[in-house]
Amino acid sequence: MLYSKNGSIPKPETDGTEGWIEVEDPPEAFEGKEVVWWYPPGWVVRDPQPAGNWSWNQSEEKWIEQISVSE
């Protein structure tokens, strides 16, 4: 079991302060996928970040390409 506080990346032990919650161990990722901690909802299995300027959109659960606007 791992522990998280205020959405922090889970750790195997706490620092002894209040507010830590138990979280499950990360799931196994299928080939070509990665597991990341995203709070909430917790562990997310997703495609790795594509090359270039991409950001993870948690509400849509997909990578969104960031287009820079030149002046």
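- Among pairs with a residue in residues 1-13, those fulfilling side-chain hydrogen bond (donor to acceptor under 3.5 Å, both in side chains) read Lys5-Thr17, at least two apart in sequence or across chains.
- Each side-chain hydrogen bond (donor to acceptor under 3.5 Å, both in side chains) pair with one or both residues in residues 21-31, not counting sequence neighbours, would appear here, but there are none.
- Applying the under-4.5 Å side-chain rule to Ile, Leu, Val, Met, Phe, Trp and Tyr, the cluster around Met1 consists of that residue alone.
- Looking at residues two or more places apart in sequence or on another chain, you find a side chain to side chain contact (heavy atoms under 4.5 Å, CB included) between Pro48 and Glu34.
- With no hydrogens or angles considered, a side-chain donor-acceptor pair links Ser59 and Asn57 at under 3.5 Å.
- With sequence neighbours excluded, the residues satisfying side chain to side chain contact (heavy atoms under 4.5 Å, CB included) with Glu65 are Trp54.
- Here Asp47 pairs with Lys33 under the side-chain hydrogen bond (donor to acceptor under 3.5 Å, both in side chains) rule; sequence neighbours left out.
- Counting Ile, Leu, Val, Met, Phe, Trp and Tyr side chains that sit under 4.5 Å apart, directly or through other members, Trp37 shares a hydrophobic cluster with Leu2, Ile9, Ile21, Val23, Val35, Tyr39, Trp43, Val45.
- No continuous path of ILVMFWY side-chain contacts below 4.5 Å connects Trp38 to Ile64, so the two sit in separate hydrophobic clusters.
- Under the salt bridge (Lys or Arg N to Asp or Glu O under 4.0 Å) criterion, no residue pair touches residues 50-59, with sequence neighbours excluded.
- Scanning for side chain to side chain contact (heavy atoms under 4.5 Å, CB included) contacts around Glu61 gives Trp56, Gln58, with sequence neighbours left out.
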